[in-house]
Amino acid sequence: MIYRSILLFVAVICMAACQTEKKEINFPKTDLAKAPLIPKPIKTIPTGSAFGLDASTAIYTSTTNPEFEKVGKLLSENIKTKTGLDVAVNASTGEKLERLIYINQSDSIDLESPESYQLYIKKDSILLNAKTAAGAFRGVQTLRQLIPEKSNDTLTDHPLWPIPSGKIMDAPKFGYRGSMLDVARHFFTVEEVKKYIDALAYYKFNTLHLHLSDDQGWRIEIKSWPKLTEVGGVSEVGGGEGGFYTQEQYKDLLAYAAERHITIVPEIDMPGHTNAASLSYPFLHYAGAETPRVRTDMKVGYSSFDAKKDTVYSFLDDVIGEIAAMTPGPYFHIGGDESHVTKKDDYILFVEKVEKIVQKHNKRMIGWDEIAQADIAPSSVVQLWNNAENALNAAENGSKIIISPAKKAYLDMKYDSISEYGLHWAGYIPVDVGYKWNPETYADGLAKENILGIEAPLWSETISNGTELEYLAFPRIIGYAELGWSPSEHLNWDDYKERLAAQVPYLKAMQINYYPSKLVDWKKE
Ligand code: ACM
């Protein structure tokens, strides 16, 4: 295997050097630097020619790491979907290789962060170097974006999809680049979530946070406490039937995300936002909270777990334990927001006790910024959505911060006053406002090194299916992809909006329903 890898590597180098032996294909001059890539790579060096992707192209990968082969297979599937070409992966053929894409595990010192990659695109070879399969996967997304929609139709008997040649050196700004989906206010099916994961992967996100419980519904099967879904899972905002993921379905989602190098962060929101749980098991209910009943309205802040009962913590040990055991990622999100009826002392006691349970199950706790009022461990992570002071206090204590300010990054805020869906309590977020801000400087006094990354949450009070989900998420989520990945000094709205307009063929091909904001000239093909 190792010998084959070395031979192929030599073949790539040789093909690059021996181009004169091949039949020359004359493409019009290309400019890799003008390709509408999102997120924009750190460094792009165009060389003016093109790699002709065609039926005689083959993909080879480092075979010492099976994860690289999986990345190659996903690229092959993507090429099939986009062009119809069948491109074999690691085929042991005696035939002469015409054109080669080689996905190589490299220990180059230039590949610093785990998701960094280098692309060398030449006339007859593409070399993708990455240290990890995650890096290779991110590089493959760049390659996908470089494949034209249409083949070069001057060569009808031999269609070629010209990929502009040159060099790309790339790495993410933040190690955490996420979106959140609220599957509690309205339930979304496994297929709807997978479709969202596909689009997140295409734009190099690496995290999907699932908001799995709230007042209106509980969405994940817990074997030791079955009423959570039997009673708490059958309602949602507006009176629909709700729904929940069985553990098998949740594991299927985790596997689908993992194949795309996306980490799932499960959230069980507590001690507030717990009406559905307390309705299922009344011993959880806190005396100061509203009496549990089926809730289909959009009110917040009226429910709470009882922070003083040992039985509440043994219940949570089971719930967190079952979810943690299924979830390979390092995080467990405990919510912690808007517990308005929980006395402050009780709230603090609760967060500190739950943190210990999360740690016992070998996960790092994440919580909305209110959790910084408790004495949390430096390993716990605070998600800034509302109060920057909370984030600053947590950072001072060593915690990392996820930047998700409602007025900049909430995907459920309306675009404008005529938006069909969404809320506007934090303001309108037109497509340009969603893009023109800097997560590194958003919170005054918060140093860059304390920022884990960025997340764009999508709350679902006003949306109940995939089409409506997409209307709010797209195109804004594409901008958050760039805010999370590209160096801040490269970000420019005028340049970005041209590249955004060029996403239309992808969005159409994937049947993604985007909001056609008038701020962008969508007419381009
Ligand atoms: C939140 O929006 N309540 C985190």
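Counting begins at 1 with the first residue of the sequence. For ligands, and for the atoms within them, numbers begin at 1 and follow the listed sequence. The structure displayed is predicted, hence computed values, not measured ones.
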Begin from the C-alpha positions of F350 and Y286 and carry the test ring pair (Phe, Tyr, Trp, His ring centres under 6.0 Å) through to its verdict. CA-CA 12 Å; F350 182 86; Y286 180 66; 9.7 Å; no
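- Cation-pi geometry between R144 and Y202 is not met: the NZ or CZ atom fails to fall both under 6.0 Å from the ring centre and inside 45° of the normal.
- In this structure, a donor-acceptor pair under 3.5 Å is absent between the side chains of E221 and Y250.
- No side-chain donor from either of E115 and H261 sits under 3.5 Å from a side-chain acceptor of the other.
- Protein residues having a heavy atom under 4.0 Å from any atom of ligand 1 are D337, E338, W368, W385, Y410, W459, listed by chain and number.
- The aromatic rings of Y410 and W459 are tilted relative to each other, their planes meeting at an angle between 30° and 60°.
- Residues in residues 229-248 take part in these ring pair (Phe, Tyr, Trp, His ring centres under 6.0 Å) pairs, two or more places apart or across chains: F187-Y245.
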